[in-house]
**Student:** 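Before I ask anything, let me first share the structure, which is written out below as structure tokens.
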Amino acid sequence: MEARRCPSCGKEVVGRTDKRFCSDECRIFYNNALRKKRRNRNSRIVKAITSNVKELDRADAKKLLRLLERISKVFEIMSTFAKIRHRKL
């Protein structure tokens with residue numbers, strides 16, 4: 001049987017068969033890093049939408065269409081994230 005490894009530090013995990021992390025510190029560190037990645041990705045999306053809305057004031061028809069396409073892609077991403085989150089619950 002292959003030894004299980006902690007996804008945070010790579011050390012061997014000893015204990016229950018469903019245990020994923022070698023310690024509470026590794027578990028907390030790993031989950032905080034995941035949340036930080038999501039937060040950064042979401043803030044980039046919000047900044048892009050904000051800058052696009054500012055452009056909207058001076059946009060001609062072509063720019064408006066491109067903006068609407070970008071926004072629709074963001075909503076697709078958000079709905080995909082919501083579906084994944086719903087499955088985990």
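Because the structure is predicted, anything quoted here is derived from the model rather than measured. Position 1 is the first residue of the sequence, and the numbers go up from there.
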**Student:** For the residue pair R5 and E12, what are the closest heavy atoms and their distance?
**Tutor:** NH1-N, 3.4 Å

**Student:** How far does CZ of F21 sit from CG of N31, to the nearest 0.5 angstrom?
**Tutor:** 5.5 Å

**Student:** Output the distance between atom SG (C26) and atom NZ (K11), rounded to the nearest 0.5 Å.
**Tutor:** 6.5 Å

**Student:** Compare every heavy atom of C6 with every heavy atom of C22, then report the nearest pair and how far apart it is.
**Tutor:** N-SG, 3.7 Å

**Student:** How long is the gap from CZ on F29 to OG on S23, to the nearest 0.5 Å?
**Tutor:** 11.5 Å

**Student:** Output every pair passing salt bridge (charged side-chain N to carboxylate O under 4.0 Å, His left out) with a member in residues 25-35, not counting sequence neighbours, ordered by first then second residue.
**Tutor:** D24-R27

**Student:** Evaluate the side-chain proximity of R4 to R20: yes if any heavy-atom separation is below 4.5 Å, no if none is.
**Tutor:** no

